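One structure is given below, encoded as structure tokens.
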Number of protein chains: 2
Amino acid sequence: MATQNLPPRDAIRRAAGELFVRDGYGATTVRAIAAAAGCDPALVIRHFGSKEGLFLAAVSVSGDLTGILTGPIESIGRELVRYVLDGAESPVAGVYRALLTASDRPEIKERLRASVHDVFVGPLAERIGGAYPELRARLAAAQFAGLINACWLVADPVLACAEREAVVALYGDAIQRLLTCEDPPTPGRPGDSNAGTGGPVG
Amino acid sequence: MATQNLPPRDAIRRAAGELFVRDGYGATTVRAIAAAAGCDPALVIRHFGSKEGLFLAAVSVSGDLTGILTGPIESIGRELVRYVLDGAESPVAGVYRALLTASDRPEIKERLRASVHDVFVGPLAERIGGAYPELRARLAAAQFAGLINACWLVADPVLACAEREAVVALYGDAIQRLLTCEDPPTPGRPGDSNAGTGGPVG
């Protein structure tokens with residue numbers, strides 16, 4: 001981990017980032033982080049206050065999503081699917097798993113929520129025309145997170161064996177529909193006579 | 001918790017289920033479960049082997065999804081969204097959060113994977129016509145899990161304030177598209193001249 005030449009605070013943060021991503025939040029102890037950073041556990045607590053505080057300082061979610069979300073809007077859906085399919089072994093996948101498995105802690109849930117907004121929903125909502133832009137960006141983020149769950153967390157064997165471009169086309173176009181749909185769905189149950197209940201969507 | 005009159009094994013399992021759902025996997029100790037069940041921690045281990053073994057015996061995911069998945073196929077998408085929007089405070093949501101936050105443990109990841117298949121993908125794939133029925137069922141499950149994440153885990157404030165029927169229509173129809181699409185998307189980037197690469201999807 002080559003942390004010897006770093007100032008103690010940076011050495012601790014780097015060691016923590018590597019251990020959290022590799023082993024998850026629950027299985028990583030302050031003691032193990034201190035050992036990897038070559039310092040005393042008390043120094044870890046002095047610098048970061050708690051294991052949670054250190055986690056928040058050590059991991060971040062951003063990746064190169066920004067490039068996709070600022071690219072041509074008509075291909076964002078399929079590019080997001082390619083990003084997930086290609087990224088299962090990336091450090092970002094490890095950070096995501098660590099964040100998610102630690103998400104029953106309020107501070108970390110708050111970080112997860114802020115990341116979804118800052119990285120994904122905010123930039124995208126500005127680019128979506130039509131009705132409900134922020135809601136549609138948020139629902140596209142939910143679809144994206146669902147695919148991440150399936151590929152990075154559950155490691156679904158059906159998806160792992162599937163024809164790549166079929167997944168890209170099917171799931172990508174389902175995301176895309178929320179971003180650029182020209183024929184937005186109307187509320188109400190299919191076949192309902194009061195299909196307009198709840199106001200127009202579009 | 002009224003566990004006094006149950007045989008020890010059942011009392012432990014019931015206490016464990018309540019604590020895991022309420023506090024999550026990480027924060028629930030064998031000691032706390034034993035105290036709630038009114039027995040010695042050693043007895044917990046004797047009956048269930050480990051905290052993981054007890055977790056697997058104590059929680060289950062099924063809910064009343066079966067009713068939706070065997071109902072009219074053309075309304076499954078919107079009914080799944082209603083199920084998630086109405087269920088954020090239900091015990092099923094607690095079970096899901098507990099499973100997910102414990103999912104860095106291999107046995108529990110395996111349980112999560114099996115649940116997705118048994119409860120959702122298997123029954124649904126049999127009902128989907130056209131190409132790639134199992135893949136499409138799996139991708140619909142991923143969309144469903146994404147909405148669960150947003151509503152039950154991240155507790156997204158945009159979604160919490162959104163117009164309910166707009167969410168049902170937008171996200172429901174995005175799920176539905178994978179189940180009954182009559183105009184399946186073709187692989188390849190939009191605008192690609194080789195849009196047929198990867199084989200037909202439809």
Side-chain angles (χ1 to χ4, degrees), chain A residues 23-27 74-75 78 97-98 100-104 109 112-113 116 121 132 134-136 138-139 141-147 149-150 153-159 162-175 177-178 184-191 197-199 201, chain B residues 23-27 74-75 78 97-98 100-104 109 112-113 116 121 132 134-136 138-139 141-147 149-150 153-159 162-175 177-178 184-191 197-199 201:
Chain A
D23 301 333
Y25 182 83
E74 69 278 8
S75 55
R78 291 184 179 204
R97 279 192 296 269
L100 209 63
T101 54
S103 62
D104 49 357
K109 180 193 281 196
L112 197 59
R113 200 182 278 162
V116 170
V121 177
Y132 303 105
E134 192 171 357
L135 175 60
R136 282 157 60 204
R138 188 56 198 83
L139 293 175
Q143 290 184 303
F144 180 60
L147 191 63
N149 257 20
L153 194 91
V154 177
D156 185 286
V158 175
L159 285 181
E163 197 182 310
R164 178 186 154 90
E165 286 303 311
V167 178
V168 169
L170 287 164
Y171 207 87
D173 290 4
I175 295 178
R177 185 175 168 80
L178 283 171
T186 47
R189 292 168 197 256
T197 310
V201 181
Chain B
D23 301 334
Y25 182 84
E74 70 276 8
S75 55
R78 291 186 179 202
R97 279 193 296 268
L100 209 64
T101 53
S103 62
D104 48 356
K109 180 192 280 195
L112 198 58
R113 199 182 277 161
V116 170
V121 176
Y132 303 107
E134 192 172 356
L135 175 60
R136 283 157 58 205
R138 188 58 199 82
L139 293 174
Q143 289 183 304
F144 180 60
L147 190 64
N149 257 19
L153 195 91
V154 177
D156 186 286
V158 175
L159 284 182
E163 197 182 308
R164 177 187 153 91
E165 286 303 310
V167 178
V168 169
L170 286 164
Y171 207 87
D173 291 3
I175 296 178
R177 186 174 168 79
L178 284 172
T186 47
R189 290 166 199 258
T197 310
V201 181

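Predicted, not measured: the structure shown is a model, and the values here were computed from it. Just so you know, these numbers use all the heavy atoms, side chains as well, and skip hydrogens, waters and symmetry mates.
Heavy-atom pairs under 4.5 Å with chain B were tallied for A/Val121, A/Ile175, A/Leu147, A/Leu153; the largest tally goes to A/Leu153. Comparing B/Ala102, B/Ala27, B/Ala145, B/Ser103 by how many heavy-atom pairs each has under 4.5 Å with chain A, the most go to B/Ser103. When A/Ala141, A/Ala98, A/Ala150, A/Ala142 are compared by the number of non-hydrogen pairs under 4.5 Å with chain B, A/Ala142 comes out ahead.
The part of A/Arg138 that comes within reach of chain B is its side chain, from C-beta onward, which places non-hydrogen atoms under 4.5 angstrom from that chain. Contact of A/Ala155 with chain B is made through backbone and side chain together, with heavy-atom distances under 4.5 Å. Contacts of A/Ala162 with chain B are made by side-chain atoms alone, with heavy-atom separations under 4.5 Å and no backbone atom involved.
Inter-residue side-chain proximity for A/Leu135 and B/Leu170 is flagged as met; some heavy-atom pair is nearer than 4.5 Å.
Distance CG/A/Leu139 to CD/A/Glu134: 10.5 Å, rounded to 0.5 Å.
Without hydrogens or angle criteria, A/Tyr171 side chain to A/Gln143 main chain gives a donor-acceptor distance under 3.5 Å.
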- Message: Apply side chain to side chain contact (heavy atoms under 4.5 Å, CB included) to residues A/Arg164 and A/Val167 and explain how you reach the verdict.
- Response: CA-CA 5 Å; A/Arg164 178 186 154 90; A/Val167 178; over 6 Å; no
- Query: B/Asp156 and B/Asn149: side chain to side chain contact (heavy atoms under 4.5 Å, CB included), yes or no, with the steps?
  - Reply: CA-CA 9 Å; B/Asp156 186 286; B/Asn149 257 19; over 6 Å; no
